[in-house]
Engineer: 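Below is a structure I'd like to ask you about.
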Amino acid sequence: MQRVEADEVTPHLRYFQAAAKRAALASCSRAKCGTVIVKNGDIIGEGFNGPPFSSISNRTCNKEWDYSKKPKYDKTCCIHAEWRAILDASKKNSGKIVGSRLYFMRIDGSGNFTDAGLPFCTVCSRLTLEAGIAEFALWNNGGVDIYKTDEYDIASYNYYAA
C-alpha cells in the first residue's frame, strides 16, 4: 500500500470530492458511500450505494433476517458504490476501465469525509480484479491509501482472518 499525505493529497482530493457527491445520493439506510473510477485524469464511472434501481421498494435490510452468519458486506440489500461505478464505466466506456483507479469515499450525515477503514469487502475486491481496475484508493486519516487491486484483495481476505 502507498500512503499519500500532506501536499501530495491535493491531486487526489477532487476525485474524493466527486465520490463524496455521489455518496450524498446514497439511499442506503446504513451508510453513505460513493465511488468514482478514474482513467487518465477523467472520471469514467460513478456509483453510490443503495437498493437495486435506487428504489426504496427494493430495500430489504429493514426486514427481520438472521444476519448472524452473514459476512459484514452481505448484511445489506444495497448495491455497493463500487459495483455501480464499475457497471457505469463498463456501459459508458467499454474497454477503458482496464488500468484505472477506483476512489472510494464514505461520508457522514452532514456530508463530511469519514475514514473508509481497512479493506474488508471481498466481493468488491474480486469484482475490481475482474474488471481490470489497477488500483483502489481509500480516504483515511486525512490522507489517501492506494492499494494495487491484488493487494486490496489479499487485505480484504486477511481482514476476516484476523
Side-chain angles (χ1 to χ4, degrees), residues 1-51 54 72-73 76 78-162:
M1 184 223 5
Q2 173 191 0
R3 177 72 183 166
V4 177
E5 296 179 304
D7 293 340
E8 294 178 6
V9 169
T10 303
H12 302 276
L13 196 53
R14 71 180 182 127
Y15 302 121
F16 281 111
Q17 289 168 335
K21 284 183 181 177
R22 300 309 297 171
L25 300 173
S27 54
C28 178
S29 61
R30 296 177 186 220
K32 297 209 171 282
C33 303
T35 298
V36 295
I37 298 173
V38 177
K39 178 109 182 238
N40 299 325
D42 296 322
I43 295 175
I44 63 167
E46 303 173 303
F48 58 88
N49 60 326
S54 298
K72 181 178 180 180
Y73 64 81
T76 180
C78 291
I79 304 298
H80 290 198
E82 300 92 329
W83 306 351
R84 273 210 172 100
I86 290 168
L87 288 168
D88 185 50
S90 296
K91 290 175 189 174
K92 294 178 182 174
N93 300 285
S94 180
K96 293 183 182 176
I97 197 169
V98 174
S100 61
R101 178 182 290 160
L102 184 148
Y103 286 84
F104 175 83
M105 172 55 70
R106 187 182 309 273
I107 61 171
D108 65 18
S110 299
N112 300 307
F113 288 17
T114 61
D115 290 347
L118 296 172
F120 66 86
C121 185
T122 57
V123 175
C124 288
S125 69
R126 291 188 312 266
L127 187 57
T128 54
L129 279 169
E130 178 68 17
I133 294 170
E135 296 176 325
F136 209 113
L138 304 174
W139 182 266
N140 280 313
N141 301 313
V144 184
D145 296 331
I146 302 174
Y147 293 83
K148 298 289 185 194
T149 309
D150 58 346
E151 180 184 27
Y152 185 93
D153 185 53
I154 291 167
S156 296
Y157 281 97
N158 284 333
Y159 182 89
Y160 289 104

Engineer: Apply side chain to side chain contact (heavy atoms under 4.5 Å, CB included) to the pair Val144 and Leu138, showing each step before the final yes or no.
Structural biologist: CA-CA 6 Å; Val144 184; Leu138 304 174; over 6 Å; no
Engineer: If you look at every heavy atom in Cys121 and Ser156, which pair is closest and at what distance?
Structural biologist: O-OG, 3.7 Å
Engineer: Let's go through Asn112 and Ile107 carefully: what are the C-alpha distance in whole Å and the side-chain angles of both, what is the deciding distance for side chain to side chain contact (heavy atoms under 4.5 Å, CB included) to 0.1 Å, and is it a yes or a no?
Structural biologist: CA-CA 5 Å; Asn112 300 307; Ile107 61 171; over 6 Å; no
Engineer: If we only count heavy atoms from C-beta on, is the Val4 to Ile146 side-chain gap below 4.5 Å?
Structural biologist: yes
Engineer: Under a 3.5 Å distance rule, please check whether Asn93 uses its side chain to pair with a backbone N or O of Lys96 as donor and acceptor.
Structural biologist: no
Engineer: Which heavy-atom pair separates Val9 from Gly143 by the least distance, and what is that distance?
Structural biologist: CG2-CA, 3.9 Å
Engineer: Quick one: side chains of residues 40-50, donor-acceptor pairs under 3.5 Å with protein atoms, not counting sequence neighbours, listed by atom name and distance.
Structural biologist:
{"unit_1": "Asn49", "atom_1": "OD1", "unit_2": "Cys33", "atom_2": "N", "d": "2.8"}
{"unit_1": "Asn49", "atom_1": "ND2", "unit_2": "Ala31", "atom_2": "O", "d": "2.9"}

Engineer: Would the number of heavy atoms belonging to other residues, nucleotides or ligands and lying under 6.0 Å from NZ of Lys39 be above 12?
Structural biologist: yes
Engineer: If the condition is side-chain contact (heavy atoms from CB on, under 4.5 Å), which residues does Leu129 pass it with, not counting sequence neighbours?
Structural biologist: Thr149, Asp150, Asp153
Engineer: With sequence neighbours excluded, give me every salt bridge (Lys or Arg N to Asp or Glu O under 4.0 Å) pair touching residues 6-20.
Structural biologist: none
Engineer: Taking side chain as C-beta onward, heavy atoms only, is Arg106 less than 4.5 Å from Phe113?
Structural biologist: no
Engineer: Mind checking whether Leu102 and Phe104 have side chains closer than 4.5 Å, heavy atoms only?
Structural biologist: yes
Engineer: Indicate yes or no: at least one non-hydrogen side-chain atom of Met1 is less than 4.5 angstrom from one of Glu151.
Structural biologist: yes
Engineer: State which residues pass side-chain contact (heavy atoms from CB on, under 4.5 Å) with Thr10; sequence neighbours excluded, sorted by chain then number.
Structural biologist: none
Engineer: Considering non-hydrogen atoms only, spot the tightest contact between Met105 and Ala19 and give its length.
Structural biologist: CB-CB, 3.6 Å
Engineer: Restricting to non-hydrogen atoms, name the atom on Ser125 and the atom on Tyr152 that form the minimum distance, rounded to 0.1 Å.
Structural biologist: CB-CD2, 3.6 Å
Engineer: Can you tell me how far CD1 of Ile86 sits from CD1 of Ile133, rounded to the nearest 0.5 angstrom?
Structural biologist: 4.0 Å
Engineer: Of all the heavy-atom pairs spanning Ile97 and Ala89, show the shortest one and how long it is.
Structural biologist: CD1-CB, 3.9 Å
Engineer: Going by side chain to side chain donor-acceptor pair (under 3.5 Å), name the pairs with one or both residues in residues 134-148, residues two or more places apart or in two chains.
Structural biologist: Arg3-Asp145, Arg101-Glu135, Glu135-Lys148, Asn140-Asp145
Engineer: Heavy atoms only: give me the nearest Ser110-Asp108 pair and the separation to one decimal.
Structural biologist: N-OD1, 2.9 Å
Engineer: Run the salt bridge (Lys or Arg N to Asp or Glu O under 4.0 Å) check on Arg84 and Asp88 step by step: do they pass?
Structural biologist: CA-CA 6 Å; Arg84 273 210 172 100; Asp88 185 50; over 6 Å; no
Engineer: Between Tyr103 and Phe16, what is the ring plane arrangement, given parallel below 30°, perpendicular above 60°, and tilted in between?
Structural biologist: perpendicular
Engineer: Mind checking side chain to side chain donor-acceptor pair (under 3.5 Å) for Lys21 and listing every partner two or more places apart, or none if nothing turns up?
Structural biologist: none
